[in-house]
A.B. asks: 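Here you go, one structure.
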Protein chains: 2
Amino acid sequence: MAVTLGDVARHAGVSLATASRVLNGSARTVTEALSEKVRASAETLGYLTNAPAQALAKASGATVGVLLHDVADPYFGAIARGVWDAASEAGLLSLVASTDADPETELGAIRMLHGQRVRAIVLAGSGYTDPDAVRRIDRALDAYREQGGAVAAITDHGPGYDTVLPANRSGAAGLTGALIALGHRRIAVVTGPERLRVPAERLGGVLDALAAAGLDPAAALVERTEFSHAGGRAAIGRILAAGGPESWPTAVVALSDICAAGVLAELRDRGVAVPGRISVAGFDDIPLAADLAPPLSTVRIPLARLGAEAVRLALAAGEPQPAGGGAGRIAVPLPAEVVLRASTAPPPHD
Amino acid sequence: MAVTLGDVARHAGVSLATASRVLNGSARTVTEALSEKVRASAETLGYLTNAPAQALAKASGATVGVLLHDVADPYFGAIARGVWDAASEAGLLSLVASTDADPETELGAIRMLHGQRVRAIVLAGSGYTDPDAVRRIDRALDAYREQGGAVAAITDHGPGYDTVLPANRSGAAGLTGALIALGHRRIAVVTGPERLRVPAERLGGVLDALAAAGLDPAAALVERTEFSHAGGRAAIGRILAAGGPESWPTAVVALSDICAAGVLAELRDRGVAVPGRISVAGFDDIPLAADLAPPLSTVRIPLARLGAEAVRLALAAGEPQPAGGGAGRIAVPLPAEVVLRASTAPPPHD
DNA sequence: ATGAAAGCGCTAACAG
DNA sequence: CTGTTAGCGCTTTCAT
């Protein structure tokens, strides 16, 4: 039914091998005259490479896979876009898997991507803290790499991976420093689930800044929650409920923007003025951060670049290694920039 | 290097065929005793189905493809999530392609997905108005279907496709009606590019409501722009620049939420009160719509469901047809609900 | 520079 | 119910 390479070869009056070399193979070893004929035949017959067949024959497909928590989350949506851009630039399609930050789901997805023989896998979600989960995932990924697969990670997933490293820690420190410079002393932080590494990195930055300012990090009010809108709402609710208004923090930094959006929503519902009564800051600078009520102060991470760089990193790893190099892993640091908007201001006078 | 079905068969002491039947084939024609052995062998050997090989043999892979304008756009991100959910429920992986609403890019993506032998293609972006683009895309999709592929569309892409139909027209009419009920008479509308069909559908709804209220649709102030944040900003800028404040509309409905976010941003920058001076409404109810400044009135579309239903529709089309049916296409209508929030209010008194 | 032929790993008749 | 045997469409030595 479908037009095959054989059909094209016959139509062009050449052998299967020659047609393959012209249409797909990289070796430049075919006469221009023949090449032309083959291309013409392919064109008139409407030939489309059968990707599975090609993948089977060369033991590697024309796709890359991305593992992330949720495509519908603006943070990951932007990363997925970057992945698509870099992948399609390399002529590859992208498979995106939403794992809901669940190690088991992620493991399953890795196996499926491996089974697909994707050319590369990008770990875009956060790494896990559970050693057991990490071990199992590492194993699955190792098996994949042993069969020629390439892996790149966004944010730290352990020393075994080429990694694109956004400045989570220093970004958070910078943001917290800015809050302190505004005069805040009672700063609460809404962080993410304990099973993820990214929230811990960012929290570390917040504590760094606190300590640097002579404040006691151990006394910091830290609320743990899911990195989601609902999570943010719940967390700030608990913070407010912990004591009377006089004990409320004057600023809260949510370690992810969607989470901060939830905080803002809850505060709005409760009639707590932002930034009048409490300043709020987020992290990521997702697309609509500047349009929230009020516009959100945050840390800008080059989201799309994260995805694109990770793909390039993984794809480059497949290439012949640069001279002198051992099997050392590459880390690409990416800057984070503090962006102050209307959701933060000096603390209220007592 | 990799563990193959043959390895599993040998290890289990059965034939290739039997191993295949147990591990992949659907036919329930293997003894429980043998099945058990095969599964155990697969488990201990760490067998992973080679998807390309399987796809080649059955002429259809374990993936579905989604064509959308931009994964980083919240509207499409949510749809992509729905696609993933339905696909993974069926044991399939999803390939998502961002086309930037460009017909050429879309055509290229269709060819690649076809080449991948994806089980189904979901057209999640808007259809085009250019007959030539439509014809070429239809052709490419027809070729794909002739080879066993299934296609489903979200929003109208022509009569040839099973379609999930969100109530674009009536939703827009309902929203506009609500504005009119609030007392608005000078309503401007920010619509999308002419080359897309979706904006036209929604605009039709707005005009319907205007006419129903005895207002002259022909007199409506319609600004065309890209469906993006920047597009929204530019459009409202033009509307305000068209005349003095006394001639400004009292309400503007942007036919997409990101676009409305841009309108809000521009208005905020210019110091125009919303909804005090001008009411603003959007369309889609993307995740952060309720958190914008001010919370955006809009039309709620069940985004994730759109994607999930489309996948089910496409997958069901491959199944044996229900009795009595011709080749008639199925249309699944999905409701749209008007959600009024703080961005809309009665017009100012003169 | 081009062609012939042997697989890649799996499925699907067809036998037994 | 299970095993044998052809392919699926493409890449890739190995000859020529």
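Residue numbering restarts at 1 for every chain, and letters A, B, ... go by the order of the sequence lines.
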A.B. asks: Rounded to whole angstroms, how far apart are CG on A:Asn50 and P on D:dG9?
C.D. replies: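 That distance rounds to 7 Å.
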A.B. asks: Return the value, rounded to whole Å, for the distance between atom CG of B:Leu56 and atom P of C:dG7.
C.D. replies: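 About 17 Å, once rounded to whole Å.
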A.B. asks: I want to verify a distance call: between C:dA12, C:dT2, C:dG3, whose nearest atom is closest to the B:Lys58 side chain?
C.D. replies: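 So the nucleotide nearest the side chain must be C:dA12.
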A.B. asks: Output the distance between atom CG (A:Leu113) and atom CD1 (A:Ile121), rounded to the nearest 0.5 Å.
C.D. replies: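 CD1 of A:Ile121 is found 5.0 Å from CG of A:Leu113.
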A.B. asks: Let me spell it out: for each of B:Thr31 and A:Ser20, pick the nucleotide of DNA chain D with the closest heavy atom. Which residue's pick is nearer the 5' end?
C.D. replies: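 In this pair, the answer is B:Thr31.
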A.B. asks: Using a cut-off of strictly less than 4.0 Å, decide whether B:Ser15 has a side-chain nitrogen or oxygen near OP1 or OP2 of D:dT4.
C.D. replies: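 For B:Ser15, the contact criterion (side-chain N or O under 4.0 Å from OP1 or OP2 of D:dT4) is not met.
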A.B. asks: Expressed in angstrom and rounded to an integer, what is the separation of B:Leu16 atom CG from C:dC8 atom P?
C.D. replies: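 So the two atoms are 12 Å apart, to the nearest Å.
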A.B. asks: How are the rings of A:Tyr144 and A:His114 set relative to one another: parallel (under 30°), tilted (30 to 60°) or perpendicular (over 60°)?
C.D. replies: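 Judged by the thresholds at 30° and 60°, the geometry between A:Tyr144 and A:His114 is perpendicular.
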A.B. asks: What nucleotide, of D:dT13, D:dT2, C:dC8, holds the atom closest to the side chain of A:Arg21?
C.D. replies: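 Closest of the options to the side chain of A:Arg21: D:dT13.
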A.B. asks: Without decimals, in angstroms, what is the distance between B:Gln147 CD and D:dC8 P?
C.D. replies: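 From B:Gln147 CD to D:dC8 P: 14 Å.
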A.B. asks: C:dA13, D:dG9, C:dG3: which one has an atom nearest the side-chain heavy atoms of B:Ala17?
C.D. replies: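 For the B:Ala17 side chain, the nearest candidate turns out to be C:dA13.
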A.B. asks: Rounded to whole angstroms, how far apart are CG on B:Leu5 and P on D:dC8?
C.D. replies: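 Distance check: B:Leu5 CG to D:dC8 P gives 20 Å.
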A.B. asks: Whole angstrom is fine here: how far is it from NZ in A:Lys37 over to P in C:dG3?
C.D. replies: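 Spelled out: NZ on A:Lys37 to P on C:dG3 is 10 Å.
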A.B. asks: Find the distance A:Leu48:CG to D:dG9:P and express it as a whole number of Å.
C.D. replies: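 So the two atoms are 13 Å apart, to the nearest Å.
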A.B. asks: Taking only side-chain N and O atoms of B:Thr4, does any of them lie within less than 4.0 angstrom of OP1 or OP2 on C:dG9?
C.D. replies: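 Answer is no, no contact under 4.0 Å.
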A.B. asks: Given atom CD of A:Glu32 and atom P of C:dT2, what is their separation to the nearest angstrom?
C.D. replies: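 After rounding, the reported distance stands at 11 Å.
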A.B. asks: Looking at B:Asn24, I'd like to know whether one of its side-chain N or O atoms comes within less than 4.0 Å of OP1 or OP2 on C:dC10.
C.D. replies: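 It does not, given that no N or O in the side chain of B:Asn24 lies less than 4.0 Å from OP1 or OP2 of C:dC10.
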A.B. asks: Write down the atom of A:Glu104, the atom of A:Arg136, and the distance for their closest heavy-atom approach.
C.D. replies: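 Between these two residues, the closest heavy atoms are OE2-NH1, 2.7 Å.
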A.B. asks: Side chain of B:Arg117, base of D:dG9: donor and acceptor closer than 3.5 Å?
C.D. replies: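 Answer no: no donor N or O sits under 3.5 Å from an acceptor.
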A.B. asks: Can you tell me how far apart CG (A:Leu93) and CG (A:Leu95) are? Round to the nearest 0.5 Å.
C.D. replies: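 It is 7.5 Å, given to the nearest 0.5 Å.
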A.B. asks: Does A:Gln54 make a side-chain N or O approach to OP1 or OP2 of D:dT11 shorter than 4.0 Å?
C.D. replies: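 Affirmative; the distance criterion is met.
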A.B. asks: Return yes if a side-chain donor-acceptor contact under 3.5 Å exists between A:Asn24 and A:Thr49, otherwise no.
C.D. replies: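 Note: A:Asn24 and A:Thr49 side chains meet the donor-acceptor criterion.
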